[in-house]
Each structure stands twice: as C-alpha cells, then as structure tokens.
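Remember, predicted model here, so these are calculated numbers, not experimental data. Order of the sequence lines sets the chain letters (A, B, ...), proteins ahead of strands, with each chain counted from 1.
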Amino acid sequence: MKSMDKIVSLCKRRGFLFQSSEIYGGVQGFWDYGPLGVELKRNLKEAWWHDMISGHNELVAPPEAPSPFEMVGLDCTIIMHPQVWKNSGHYDLFHDHMVDCRESKKRYRFDQVRGRWCQKGDQKIFVTTLAEAEQELDEVRRRAMKFFKLRAKNADQLTVSDESLTLDQLDDTDDVLAPDAKSLGTLTEPREFNLMFKTTLGALGGEDDVTFLRPETAQGIFVNFKNVLDSSRVKVPFGIGQIGKSFRNEITPRNFTFRSREFEQMEIEFFCQPDQSQQWYRYWRDRRLAWYTALGLSSNSLIMREHHPEELAHYSVGTADIEYAFPFLPPGEYGELEGIAHRGDFDLRSHMEGKLDPKSPEGQPMQVELNEHGKPKYRGSGKDLSYRNEVTNERFVPHVIEPSAGADRAALAFLCEAYTEDEAPNDKGEMESRVVMKLHPRLAPIKAAVFPLVKKGGMSEIAKEVYGELKQHLNVFYDDKGTVGRRYRRQDEAGTPYCITVDGDSLEDRTVTIRDRDTLEQTRVKIDDLTTELKQRLA
RNA sequence: GCGGGUGUAGUUCAAUGGUAGAACACCAGCUUCCCAAGCUGGACACGAGGGUUCGAUUCCCUUCACCCGCUCCA
C-alpha cells in the first residue's frame, strides 16, 4: 500500500528530501533536496522551461491555441521595491490582525468582527456577530437577550446601540462577547500575522527600510513588462516565464513539502488582447493539465477545479486549479499543484496608477483604491504600461493569464505518483515484494546504471568503459557492489529507468543487456549502439 | 494558534532509574554468470535544554520537530 509514511521514509533513506537544519532539530516548513531530489527537481524545472519557454516555436500556432505566440524568460530578484507589494495587494492582504477565541478556539480577522454595545441595568457588554449587515441588529439583540437571560416580555430592559462597530474601534476586548462564545472576554489580544517575510534593506536599516521577500515571482514579471517589451521585440500575444523561490509564512506548514515556507514557483504571465483573453485562458488551462499527465501523473488522480463565479474577483473571467490526490489527503480530496488565473488588467494597471480597488463597482473599469483623504491609498509607478499594436495603432493594457505552478508541489506529486510496490522474482523464481519509483524517464534523477554482472573476468573493465562513455551524455551511475539483483533493486528505489549489465557475452561480442525498470525485461544491444538506444528510450 | 499523539542507528522497531538490542540498509572481504535477505568482520542511535537523583534514554518541566483533528490557506 502507498502511504505517506513510506514515501517520506524512502525520500529520507534514498536522499530525495531531508528536513532543513535537521541536526539542530529542524525548522518547521523548510525542506532540503538531497542528491537524488535535486536531480529530480532540476529535471522537473528544466522540463517546464523547455516545454513552456525555450522549446516553444513561435512561428506556428500549437494545437488548440488561438494563434501563434511568443515566449521569453526572466529571472528577477527576490527582494524588490516595497511599493511593489503595496500595489500588488499583498501588503494589505498579508497583514491581517487576527484574534483567537479561547472558548470556541476559533480565529477571526480583527477588523471583520462587527458588533454593538448592549446594556442591561448597569452592565454594558459588546455583542458581536459574523451575520450579514441586514441581520446584524437582530442577531446582536438575540445574543444579548440570551446572555442576560432575558425573556421576550422583558425585552425593554435591554438597550442596543444604534452604532455598529468593528473590534478595532474598541479600546479593549474585556467586555466583548465573541461570535461563538458564551462568556465575556474570551478573545486574545489582536496579533499581526506577517504572512510575508519581513526584511531590512541596508546594514543600518530601520523601520523605514523594511521590505519583504517576495511571496510570488509574478510581480517581478509585471514590473519588468516594459523592459521586456522594449528589449526583446515581442508582440502581444506573448508570455514571460520565470522560475524562482518565493516565501510565505504559512500559518500551518504541514504535509511534508506541500506547504513549505520557502518554495519554488514556475510562473507564466501571458499577455493578450482583452477581447481574446477568454480563449487564451482556456488554452492555458487545458495545456497545463496535459503537461502533468504527459510527465506521468495519472489522470485519475488529477482534477481541474474551476472556481465558482462567486469565488472569483469580478475582474476575472475564470480561475482553475489543477489538483492532485495526494496520499496524505482523505479520499476524494485534492491538493493544489497549479492555479491558472485570468487576472484581467489588474496587475499592470495597479503598477501604473496605484493599487486598484477590487471592490470597485461591477460593470465598469476598476478604480484606484483611495485613502481617507481621497488620495490613492498606494501610489503607482506612474509609468505607462500599456501596449501599442504597431499595425493597427491600437493602444490597450493587455489582459493577463497566469499559469502559476509550484515546483515543490509538483516534485512531491511526481514522487507520490511514482511510489509503487509490486512483485519481482528472486533468484529462486519466487515472487517477492519490491519498491519501485516509477518516475518518468525525463524526471528520473539517474537515467541509467551500469553494472558488471560479477567483479571478475574483465567485466569491470568493460563496464567502466561503458560508464565513461555514457557519462558524457547522461547522468549514469556505476555500481559493482553485492549481487546484481540487489543492485537492480537499489536502482528501482531511486527510480532509474534502465540498468546496463556487462556479462560474459560482452567479452565475446561487445554487447550488453538493458534491463527495464518497470517490465524487468532485458534486451541485448551492441555497446556501440548503446548511447543512441538509451537516448531514444529516454526521449 | 488550540487539543491529542510520537520522538532510540540511515530506515522500521525493542528494552531499561545503573553496560541500550534486533531486523533491514551501509562499509570491507569471501562467495556469486541476471533480479535484495549465503558466510566473516566492521561502523552507526536515546531530538535539544533544564530539574529531581549517587546515577536519567527512562521520572518531571521547558523547548524543537513530526503525525492526527480544529483553525488558516493570499
């Protein structure tokens, strides 16, 4: 049976993944890739970069694509101008003040809990509710009656303030009846949740020099949009891709590497004409799903989850998550690998004009979010990030489709998918259980292993010669320790798709056997044809 | 952040208020002409800090990490 415990144990044992700083007891939410893991992850990122960016042919429209398009890459810094995160919306979203209720164990956003002062006799309490604005007064009154143990006929003993307040407008929470509590004063002090990693610019930096490690790579693409346009001659529609580390202070890192605090993203921002954005959204959504299945994720374990219209920001035409049935999730539940979001012109315009207000009235272009003085809450760059079609002379702010993938989550999904227990014969022909990582050859850390069948009679010499030749082209591994069966099993656990064995016949006719990891079948090929044969099989 | 559970070798597990065992894995050698567990030998562990005690891996406290549930998930 496939279980998370077994997968975690194999990852440690074989050097795919280690806990960060393990000798000091580890740090929650940080993980290191070992010798096999780093190869897997590099292969994964290289597959993505090749398939999405460097291997893309911009001269022809791929199947299902509305038109030909261009793709270029970018690699930008982790630390950026602090204003980036204000206009991207992360600064506001990531600085929630939260309170916990000691009684109900629930957590609330401090500025979202509303309520009213209620008085009976000389006792004055603040009764809260999460109810909608229309039901708020009734709900507050109902809870207050219950708290004071008043019957309906004595309702006139209760006075409820006309003014609705949020918790952040109170001096303290001592007299607050929390939304799910029965007694007063159960809320903790509000605590700031810094979901972005704060850091300081410059050696003498004070509070004014605070900035953040990026929580996503995407913003680096948006702020370089004009640079890329001015330097690369790309024309809309085109995409900019980037692979890089991002950082988020996850509240509850859990499930192995699934929710890490330092993680790597593979993101594309695809810029297109607003009237074509729906087609491009569908194209990327379907293409990205197909990418995972092409690399070996079972379509039974993958789902495309379209967000419901009510989940979407109103400027967005659609958002879909590609999700995988990780073994640590209950049956029927899926964990996100990648989100494909239609982001409209929100990001480019926010970086031009100042942070747009997602709560802008529907049916018209979004407006810049204003502060209490009626000025932009956060100033934009003031730079023109619109695009001019040089043929039609039409000028517009491109709409953006954002396929945003998690490299570590993908690596984990491929590891989980690959873990297989099956049966293989032992030297007596009896079936024994075997653990094999059925990684796609493109992802496998080691492409082939080379063995002398036994360490004598000149087999080692030939095997070393074969190894030296292959090593120039492929990541291969040499092993002559123990019996050959044991060496095969070791490679099975590492996910090596092929094992090359030099035997007695090799001495006579310069042939070797290729053993297939999944079928255990062996075929004999000439040493001179080996590189070509392997490259063909690995393609 | 809350509640429950668990921390012993690379892995999976024992035992013990007084010398910490095993299996597999690993290393060296022997054996071995195709699928791990033949032979000999070897190296390797009580998450961290504090307390109680003559003595703590064991009891107590704190802390860190992992697992389960709740919460959160931009």
Side-chain angles (χ1 to χ4, degrees), chain A residues 3-6 8-15 18-31 34 85 88-96 98-109 180 188-189 191 193 195-196 215-216 218 246 248-256 258-259 261 313 319 321 328 330 335-336 339 341 358 404 423-436 451-459 480-493 499-507 512-517 519-522 524:
Chain A
S3 77
M4 212 52 213
D5 284 350
K6 288 182 180 174
V8 171
S9 164
L10 182 140
C11 284
K12 171 88 191 287
R13 185 155 39 87
R14 289 298 182 192
F18 307 125
Q19 196 175 10
S20 168
S21 315
E22 198 191 64
I23 61 168
Y24 286 108
V27 206
Q28 205 183 20
F30 294 88
W31 299 88
W85 308 114
S88 71
H90 290 89
Y91 185 83
D92 288 342
L93 274 165
F94 282 27
H95 280 77
D96 296 341
M98 307 290 281
V99 285
D100 290 307
C101 176
R102 296 188 190 89
E103 183 186 316
S104 66
K105 306 296 181 200
K106 289 194 187 301
R107 175 175 291 163
Y108 313 97
R109 270 184 61 176
D180 301 283
T188 61
E189 286 298 299
R191 278 171 294 206
F193 275 64
L195 267 44
M196 286 196 288
E216 62 172 33
S246 293
R248 298 178 188 184
N249 265 318
E250 296 288 349
I251 296 169
T252 316
R254 218 168 269 194
N255 291 328
F256 206 22
F258 183 77
R259 186 157 290 151
R261 288 167 156 167
T319 295
D321 289 342
F328 53 75
E336 183 183 342
S404 168
E423 299 212 311
N426 65 14
D427 59 347
K428 297 178 193 69
E430 297 155 348
M431 296 308 274
E432 288 189 339
S433 72
R434 168 179 86 133
V435 172
V436 51
F451 311 146
L453 185 58
V454 291
K455 242 194 302 185
K456 64 177 189 188
M459 292 179 204
D480 61 5
K481 296 184 183 72
T483 62
V484 73
R486 176 177 304 211
R487 285 177 254 153
Y488 285 144
R489 297 295 173 87
R490 267 200 284 255
Q491 294 306 317
D492 290 341
E493 279 201 345
C499 292
I500 316 299
T501 305
V502 172
D503 58 16
D505 293 351
S506 310
L507 303 168
V512 290
T513 59
I514 303 182
R515 177 257 199 191
D516 182 286
R517 176 193 69 200
T519 64
L520 306 181
E521 276 169 14
Q522 284 181 284
R524 189 165 279 279

Suppose you measure atom [atom1] in [N] against the same atom in [M]; what distance do you get, rounded to whole Å?
N: B:A48; M: B:U8; atom1: P; answer: 10 Å
N: B:U57; M: B:G50; atom1: C1'; answer: 16 Å
N: B:U32; M: B:C66; atom1: C1'; answer: 42 Å
N: B:U11; M: B:C44; atom1: C1'; answer: 13 Å
N: B:A9; M: B:G4; atom1: C1'; answer: 29 Å
N: B:A43; M: B:A28; atom1: P; answer: 15 Å
N: B:G1; M: B:G10; atom1: P; answer: 30 Å
N: B:G5; M: B:G29; atom1: P; answer: 50 Å

Donor-acceptor pair, side chain of A:S21 and main chain of A:Y24, under 3.5 angstrom: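 No: the side chain of A:S21 does not pair with the backbone of A:Y24.
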
Side-chain (A:R487) to main-chain (A:K481) donor-acceptor, under 3.5 angstrom: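 Confirmed, A:R487 side chain pairs with A:K481 backbone.
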
Let me know the distance between [atom1] of [X] and [atom2] of [N], rounded to the nearest Å.
X: A:R489; N: B:A25; atom1: CZ; atom2: P; result: 11 Å
X: A:D492; N: B:A25; atom1: CG; atom2: P; result: 14 Å
X: A:L195; N: B:U71; atom1: CG; atom2: C1'; result: 13 Å
X: A:E493; N: B:A36; atom1: CD; atom2: P; result: 13 Å
X: A:M196; N: B:C73; atom1: CE; atom2: P; result: 16 Å
X: A:I23; N: B:G10; atom1: CD1; atom2: C1'; result: 15 Å
X: A:R490; N: B:A36; atom1: CZ; atom2: P; result: 12 Å
X: A:F451; N: B:U32; atom1: CZ; atom2: C1'; result: 15 Å

Under-4.0 Å salt bridge between A:K12 and A:E22: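 Result for this pair is yes, salt bridge flagged.
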
Quiz item: A:R486 side-chain donor-acceptor pair to B:A36 base, under 3.5 Å: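 Check fails, no donor-acceptor contact within cut-off.
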
Using the side-chain heavy atoms of [X], tell me which of these nucleotides is nearest: [options].
X: A:V454; options: B:C33, B:A25, B:C35; answer: B:C33
X: A:R515; options: B:A37, B:C35, B:C34; answer: B:C35
X: A:T252; options: B:U71, B:C26, B:A37; answer: B:U71
X: A:L520; options: B:C33, B:C26, B:C35; answer: B:C35
X: A:T483; options: B:C34, B:C70, B:A36; answer: B:A36
X: A:K455; options: B:U32, B:A36, B:C34; answer: B:U32

What contact category does [X] fall into here, base, sugar-phosphate, or nothing, at under 4.0 angstrom with non-hydrogen atoms?
X: A:R259; value: base
X: A:Q522; value: base
X: A:R248; value: base
X: A:D503; value: base
X: A:E250; value: base
X: A:S9; value: sugar-phosphate
X: A:M4; value: nothing

B/S/- contact track for nucleotides 63-69 of chain B, protein heavy atom under 4.0 Å: -SSSSBB

Residue list, side chain to side chain contact (heavy atoms under 4.5 Å, CB included) with A:E493, at least two apart or on another chain: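 Listed in chain order: A:L10, A:R13, A:R14, A:V435.
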
For A:S404, side chain to side chain contact (heavy atoms under 4.5 Å, CB included) partners two or more places apart: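 A:Q265, A:E267, A:E402.
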
side-chain contact (heavy atoms from CB on, under 4.5 Å) between A:L453 and A:V502, worked out: CA-CA 6 Å; A:L453 185 58; A:V502 172; over 6 Å; no

Pairing annotation in dot-bracket form, given for RNA chain B with Watson-Crick or G-U pairs under 3.5 Å and | for cross-strand partners: (((((((..((((....[..)))).(((((.......)))))....(((((..]....))))))))))))....

Distance below 4.0 Å between A:R13 side-chain N/O and B:U11 OP1 or OP2: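 So the side chain of A:R13 is outside the cut-off, no N or O lying under 4.0 Å from OP1 or OP2 of B:U11.
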
Contact under 4.0 Å: A:K12 side-chain N or O vs B:G10 OP1/OP2: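 So the side-chain polar atoms of A:K12 never come under 4.0 Å of the phosphate oxygens OP1 or OP2 of B:G10.
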
A:L195 side chain near A:R248 side chain, heavy-atom distance below 4.5 Å: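 A side-chain contact under 4.5 Å is absent here.
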
Validation row: A:W31, A:S20 side chains within 4.5 angstrom (heavy atoms):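 The answer is no; the side chains never approach within 4.5 Å.
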
Those residues that, when tested against A:F328, pass ring-ring contact (aromatic ring centres under 6.0 Å, His included) (two or more places apart):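 Once residues adjacent in sequence are excluded, the partners of A:F328 under the ring-ring contact (aromatic ring centres under 6.0 Å, His included) criterion are A:F258, A:F326.
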
A:N426 or A:E22, whichever maps to the more 5' nucleotide of RNA chain B: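 Between the two, 5'-proximity favours A:E22.
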
A:K481 vs A:G504, nearer the 5' end of RNA chain B by closest nucleotide: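 Checking each residue's closest nucleotide, the 5'-ward one belongs to A:K481.
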
Neighbour count above 12 (heavy atom, 6.0 Å) for A:E423 CD: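 It does: A:E423 CD has more than 12 such atoms within range.
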
Ring-face cation contact, A:F30 with A:R261, 6.0 Å cut, 45° max: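 Relative to the ring axis of A:F30, which defines the angle, A:R261 lies outside at least one limit.
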
Contacts of A:R434 that satisfy salt bridge (Lys or Arg N to Asp or Glu O under 4.0 Å) - sequence neighbours left out: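 In terms of salt bridge (Lys or Arg N to Asp or Glu O under 4.0 Å), with neighbours along the sequence ignored, A:R434 is linked to A:D422, A:D492.
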
